[in-house]
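A quick write-up on the structure given underneath.
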Amino acid sequence: MLENTNVKTLDRVVVRFAGDSGDGMQLAGNIFSNVSAGEGNQISTFPDYPAEIRAPQGSLSGVSGFQVHIGRGVHTPGDQADVLVAMNPAALKTNLQFLKSSGIIICDVDKFQKADLEKAQFATDDPVKELGIDPRRIMLVQMTSLVKHALADSGMDMKSILKSRNMFALGLICWLFDRPLDSVLRKLQAKFAKKPAVYEANAKVIRAGWDCGHNTHSSMSTYRVETESEKKGTYTDVSGNTATAWGLIMASQKSGLPLFLGSYPITPATDILHELAKRKDLGVKACQMEDEIAGLPTKTEQTDLLQALYGRNGESPVCVMAAVSPTDCFYMAFEACRIALEHMTPVILLTDAFIANGSSAWRIPEDDEFPEIKPHYVTPEQVSAGWKPFDRDENTLVRYWAVPGTEGAMHRVGGLEKDYNTSVISTDGKNHQRMVDASRAKIARIACRHYPRGLGRHLRPLAHCRRGAECHRPSRGSCAVPLHQPAPQECHPDALSLQEHHRGRAELGHVRGLPAAEAPRQGDKENKQSRRSAVPGEGNRGRCHQTYREQWKVTRQRDLPPPTSRTNRRHAGVPAAVTMPSSMYSTRLWRKWA
Amino acid sequence: MAEVGVEPRNTAVISGIGCSSRLPYYMNTYGMHTIHGRAAAIATGLKTTRPDLMVWQVSGDGDGLAIGGNHFIHAVRRNIDINILLFNNKIYGLTKGQYSPTSARGTVSKSSPYGTTEDPFIPAELCFGARGNFFARSFDIALDTTKEVMVAAARHKGAAVVEILQNCVIFNNGIHSYMSDKDNRDEHTIHLRHGEKMLFGKDLRKGLVQDGFGVKAVVIGEDGWTIDDVLVHDAHCANNFLQQQLAMMDGHDLPLAIGVIRDHDAPSYEADVEAQVRDVRAKRGFSDLRSMILNTHETWEVK
């Protein structure tokens, strides 16, 4: 790139753009991540919106951020940033906590005037000192002045000119990470295809940002971020919510059944409604309705697990699944529909704000990569042979689906218990026991079904365990992935201690319906011989562990004796309380147990 | 159903919870005994996805107007083509005798031993307030009228509310007897039929005439009132002002109205959803997910 620039190579890098809600941080971050994806980086992004709608400009509560993680081995938007772009003092103050101790800061120094500092509640006029930032880590750039200068003869009004500051920051970051300017401009051109004047102005500012880096900071290191060769194909950037919506559409296509969504808007799930409402162009009927089950906050914590698993009367196990990443939402949504339709059962799919709003590059699958979904429709032959609504398939215990309109199959369903044989209402205790056993076994058998060949990569059997791993660390949702990356500082102590000696991980797609591990491969000695352990890595009081324990022999990390040595751990079975006999992995027992 | 000409296999009866909601079990159709207060929600989903089915919803004054009040008003407002049977016995029966949202002020029940201190809903008023386009009323024991209003409801395109005044023999016996008893019925009710004079009483000697902004009951031939003064019922009229007045009559000062009180044509929700899907697909329809993404999203190739 530059002769006198020191180019360092990084595996991955996290950049956080932070500014006022109106500063366009999301657009800058989005273009940066898409350009990086085009360069062959893996990407993962996460927008951090303020809770307030239109908080006062420059205030602490009005700061919005957009975090981008690029490189290879990228699974999450990253816990802490390598680079923080702070467009004003409030952004610096609120976002410093997300920066690595070695990270660098780029600020618009023009926005650090007395009034700005007051709005951000700084006590002194030296924010760098006040926040205890090492001055060598901060790059003070006169962004506003340079933007004004770049657009001086554009004829634009001052308000519009100042709105372009985000593009200056983008140009600067692109220089820092050696992003090709022409592909940045191409993205921008596509974005403003209908507004060439806006494109021209923004392009000018991006170049100014790039030049600023080049000319004034050329003695600094710039970075080359490693790429990872991905599977060939056409990619797009997809958020978890959009992926969920698309997974449902794929299931609709593969089952030949129309897709209907009845939904009440609620953050962070609303974008599923938004996306499906647009998809009338694919025949989807998405209807905004007037009721919801609210009060399960998912931003700060996934507090919905117990509600999903146990929020019902009596013993009525329901299939519960969880996605672990934005792109995983697509496969999990498809799989949830497949189970629901082929096993005639409700399925709860859990995602969370982190996954739903985050985004990653996603290869658009070909239609034939997915199996047909074949519900158990009742056949005319069955009807004439005396079919009863509660008849079950012997193997799967699945009932047959008599869709309204089917001749001769009129029947009633509802909450009252029915007789196992005759399907009429029954209050007999023994019959109820039989029905409870049947529904439990039906859910358990979902887990034993065979996955079509080739789908394993996407549709994870209950828990995926890395080969050669000593222990599982099952967890679900967005917390499933961070645990296998270097432990973040703010992570729960449990997770930290796990980090040291548990190499394996289990991403639980299927939370309930869990014989819980890949069946052993033939000749896989390690699987057969070693004793394996499962420790749920999670925060709070450990709700996940309760779930796994229900189905697996699992305990919490905090209940374990402190690990001594590696040998000791292995032979003494430490974490002892959580070892599972290897026989648990036997396919034979697996089936029997289910 | 035979009269409407829809086969049982193309009929679905959806209920919530309560005495009323056992009805699907007595029907040889497709049926769902669903969750408390949510029958309208489930019926709405079903009708939207399967407009070809004739969908009936059965609710009581508790299921429909207490816990399900929200769903009731929105189903009516949305004008989805479902037929809502509202069994009103002014009491909670399945829970063994507590007052309901339609119990009169002062009702003494197990949960209001000193009488209630709240005013009830009048289902018709709620239906009109939710901009309903069909409202009819009958009694449990008036089989012919019940059949008449149910057929009219089934033929009406859009949400149709049929209030059926039910007697609860166990917990609220005789609650409607002032109107429904054989001896009282002629004098205390009026059977409204579209296009016919509003006549009631023994030998139809009485009629309803305009009285300022309202209506009043007169005896034909007395005080100079003639048959020509008697109002003619117009159930199809878009303006619901007079229909609402008629629906609010309670059998005391003025006779309780039974029959089809309002039956006005308006666009139904599921038909408009279908039409919109057709329009959108005609303008920019995609054959499948992949082609939609490729045409509407920024993509790149990895080679």
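Every chain is numbered from 1 and lettered A, B, ... according to where its sequence line falls, protein lines coming before strand lines. Because the structure is predicted, anything quoted here is derived from the model rather than measured.
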(Q) Is there a side-chain hydrogen bond (donor to acceptor under 3.5 Å, both in side chains) between Ser359(A) and Thr45(A)? Walk through the geometry before answering. (A) CA-CA 5 Å; Ser359(A) 76; Thr45(A) 71; 2.5 Å; yes
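Neither the backbone nor the side chain of Pro389(A) comes within less than 4.5 Å of any heavy atom in chain B. Both the backbone and the side chain of Thr49(B) come within contact range of chain A, with heavy atoms under 4.5 Å apart. Interface remark: Arg38(B) contributes side-chain atoms only to the contact with chain A (heavy atom separation under 4.5 Å). Of the two parts of Asn70(B), only the side chain, counted from C-beta on, holds a non-hydrogen atom closer than 4.5 Å to a non-hydrogen atom of chain A. With a 4.5 Å cut-off on non-hydrogen atoms, Val403(A) touches chain B through its backbone and its side chain both. Contact annotation for Met32(B): both backbone and side-chain heavy atoms come within less than 4.5 Å of a heavy atom of chain A. The contact between Leu416(A) and chain B is made by backbone and side chain atoms together, counting heavy-atom distances below 4.5 Å. Both the backbone and the side chain of Ile364(A) come within contact range of chain B, judged by heavy atoms closer than 4.5 Å. Both the backbone and the side chain of Glu290(A) have a heavy atom closer than 4.5 Å to some heavy atom of chain B.
Interface summary for chain B: among Lys278(A), Arg279(A), Met250(A), the most heavy-atom pairs under 4.5 angstrom belong to Arg279(A). Comparing His297(B), Arg78(B), Met27(B) by how many heavy-atom pairs each has under 4.5 Å with chain A, the most go to Arg78(B). Between chain B and the options Pro258(A), Pro365(A), Ser252(A), Gly262(A), heavy-atom pairs under 4.5 Å are most frequent for Pro365(A). Per-residue counts of heavy-atom pairs under 4.5 Å with chain A were compared for Leu46(B), Val277(B), Thr296(B), Leu294(B); the largest is that of Val277(B). Interface summary for chain B: among Gly408(A), Gly414(A), Pro404(A), the most heavy-atom pairs under 4.5 angstrom belong to Pro404(A). Chain A forms the most heavy-atom pairs under 4.5 Å with one residue out of Thr299(B), Leu53(B), Asn10(B), Thr11(B), and that residue is Thr299(B).
Of all residues in residues 26-37 of chain A, those placing a non-hydrogen atom less than 4.5 angstrom from a non-hydrogen atom of chain B are Asn34(A), Ala37(A).
If you look at Trp246(A) and Phe330(A), their ring centroids are not closer than 6.0 Å. Remark: aromatic rings of Trp387(A) and His411(A) are close, center separation under 6.0 Å. Between Tyr92(B) and Tyr99(B), the gap from one ring centroid to the other reaches at least 6.0 Å. Aromatic ring centres of Tyr25(B) and His33(B) lie closer together than 6.0 Å.
Between Thr48(B) and Glu270(B), the side chains place no donor N or O within less than 3.5 Å of an acceptor N or O (distance only, hydrogens not considered). No hydrogens or angles considered: a donor-acceptor pair under 3.5 Å links the side chains of Gln57(B) and Ser59(B). Side-chain contact of Thr102(B) with Asn88(B): a donor-acceptor pair under 3.5 Å is present, judged by distance alone. In the model, Arg155(B) has no side-chain atom that pairs as donor or acceptor with a side-chain atom of Asn83(B) under 3.5 Å.
Rounding to the nearest 0.5 Å places CG of Asp119(B) at 11.5 Å from OG of Ser103(B).
Under the rule for a salt bridge (Lys or Arg N to Asp or Glu O under 4.0 Å), the partners of Asp81(B) that lie at least two apart in sequence or sit in another chain are Lys47(B), Lys157(B).
Within 6.0 Å of OH on Tyr400(A) lie more than 12 heavy atoms contributed by other residues, nucleotides or ligands. Counting non-hydrogen atoms of neighbouring residues, nucleotides and ligands closer than 6.0 angstrom, the NZ atom of Lys147(B) reaches no more than 12 such neighbours.
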